[in-house]
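See structure below.
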Amino acid sequence: EDDHHQHHLPSMKKLFESWAVSKGVATVHLGKPTFTKEAWPYEVEEKDDEARMVEIIEGHFKGIDDLGEALQANDTKLEKTWLTCANIDWPSLTKESLHVGTPIFKQMEQELGIENCWDTDETAMSTTCKAIWAAFLSMIDLQKEFPQGPKFHNAFVSDWGKYPSWFGGAVVPPEPSETMPPQAKVVDPNGMNGFILCDIIRTVLTQSPNQVSTGTCWAVASLGLLSHKGPAKAIKSALRLVWTGRHSSHYPKPCDNIYEMQPGLVPYHDGVGRWFPNTTLPAVRQLVTPCSGNPNDCSRSAFQPAQPLGATFAWYQALISQYSLYGWGSCSPDEQRDTSLTYPGMSFDAFHKLDLRGDSGSAAWACQLLLDPQDGTCELIFNPNACGDIPYENCMRYNLKPFDSNAFSELVGWAEDLADKGLASEIPALAESRGGGYKALWQYIKSFNPTATRLSDVVDAFPGFNFNPTENTQADATWYPSFTEDLLDQTCQFPGIVLTIAGGVLQNANKEVQGGVPRAYF
């Protein structure tokens, strides 16, 4: 990502604060999320179906309050869960085949130590075993009561492996076509429920959330951290998300378009001669699929899907959509960036409009929503020396801006254009009238200077964007994120950390030289 930051859980907050004061470390307490009916112009309460879904899940998870633990030490591995779960012959089964300890999961249970859960008295079960048991029971009851299936059922429609992901007759696969991305007809939205259980449990227990060819680590990292530190919570959270469409009813409802996407049908090549799906037409096999990560991410993700499917896809798509609402305030395609799939032959213009990448602001926002929404004790830690002569308060405010970097650049470009035309004084009224991200941008500007009436009033406080070419407001700022050995050693003592590494620094350390010294070392 663009910045090098860390976010930690609140378990050792007091110790951390005392250490931070003694070391002079730059931190910020992010405060409670403000997802209230008054703060958001869209629905945040549970609707009847969602409330009932939550009731069923909470009922089966009642008393499972601890974070959980790994079932066995060798579970952790980078696994292609979409291939492993496709080794089960789903088309020969039906949703009525699902039950606790069902033979269809026997290989997974043996491999990951789950079979030991069934040999233990329930009162003596580990927390993670109880969570797996609860997930099975929840799925069985949910599919009985809700024929419309999970909200994210399309995310699990896949033909990427030995067998398709659906029970017999649940899906009519698309005919081979050059039209991208493919779309299947779902006959029974509960037809992927077995694959859903497999995907969630394997992803969490093997700690394998994988962004593959997307630049979405800011959103995927929280699932990785929960899988590592709290597998029981991760299983419950993923199950709730897949069924209700959002991580919590206290969060804004994502935009509806993300529920229609079927990433598991987008063709990809595994590098050894196989295409998935194997019915991919020759003409499609000649097309290039864009990659939204940095160059190193893309090289490492070669011969993998363009985006993940299943629980990981649902997790990051919900966060991206919610974050877009946070900055833009609208689900209208005209007022926010696109969240569609990446696919072979996608045009550069369409790819450029995708809303995938994040930064320190979105990572901190996700930490707050998912890791400590009740008390809001997530902290953002960074080395303020990278800010140069920019005041620390303004540098922090910039790092926590409520927009992804691409959207922010577009909004600022709009403001710059007006300023160049001598219309800076009209920006407030225009931003208010246009609404969405434009209005949010002006409110963000006002956070720097509450008395601002025009853009030029805050130029000196706006790090990284110089609206007045006669002034240089960042002469001493390298803008390369940095950290120190001491900061790293101290921070790594805490129980939950998301470390954001600036890939650009590592890739360009010996390319951009200033005064004979690579800028990355400033």
Validation row: F351, T289 side chains within 4.5 angstrom (heavy atoms): no
Near-ring test W133/H60, centroid separation under 6.0 angstrom: no
Residue pair Q207, S227: steps toward the side-chain hydrogen bond (donor to acceptor under 3.5 Å, both in side chains) verdict: CA-CA 6 Å; Q207 300 176 36; S227 298; over 6 Å; no
Enumerate, atom names and distances included, each donor-acceptor pair closer than 3.5 Å involving a side-chain atom of residues 160-174, sequence neighbours excluded.
residue : atom : partner : partner atom : Å
W160    : NE1  : G264    : O            : 3.1
W160    : NE1  : V266    : O            : 3.1
S165    : OG   : F156    : O            : 2.6
S165    : OG   : S158    : N            : 2.8
S165    : OG   : S158    : O            : 3.4

Selection residues 199-217 - residue pairs positive for salt bridge (Lys or Arg N to Asp or Glu O under 4.0 Å), sequence neighbours left out: E79-R202, E111-R202
Side-chain donor/acceptor of H153 to backbone N/O of P150, under 3.5 Å: yes
F303 ring center within less than 6.0 Å of Y268 ring center: no
Within-4.5 Å side-chain heavy-atom neighbours: K236 and E58: yes
Rounded distance [0.5 Å steps], SG in C367 versus CH2 in W218: 12.5 Å
R240 to S248 - nearest heavy-atom pair and separation: NH2-CA, 3.8 Å
Rounded distance [0.5 Å steps], CD in E145 versus CD in Q148: 9.5 Å
Gap separating the OG atom of S222 from the OH atom of Y316, nearest 0.5 angstrom: 13.0 Å
Side-chain heavy atoms of F105 within contact of C198, under 4.5 Å: yes
Donor-acceptor under 3.5 Å (D66 side chain, G68 main chain): no
K151 and E50 ion-paired at < 4.0 Å: no
Sub-4.5 Å side-chain heavy-atom contact between T312 and W315: no
Straight-line distance of S237 OG to L223 CG, nearest 0.5 Å: 9.0 Å
Any donor-acceptor N/O pair, Q211 side chain to T214 backbone, under 3.5 Å: yes
Separation between OG1 of T128 and CD of E69, rounded to the nearest 0.5 Å: 4.0 Å
Side chain S97, main chain T94, donor-acceptor under 3.5 Å: yes
From CG (N193) to CD (Q143), nearest 0.5 Å: 5.0 Å
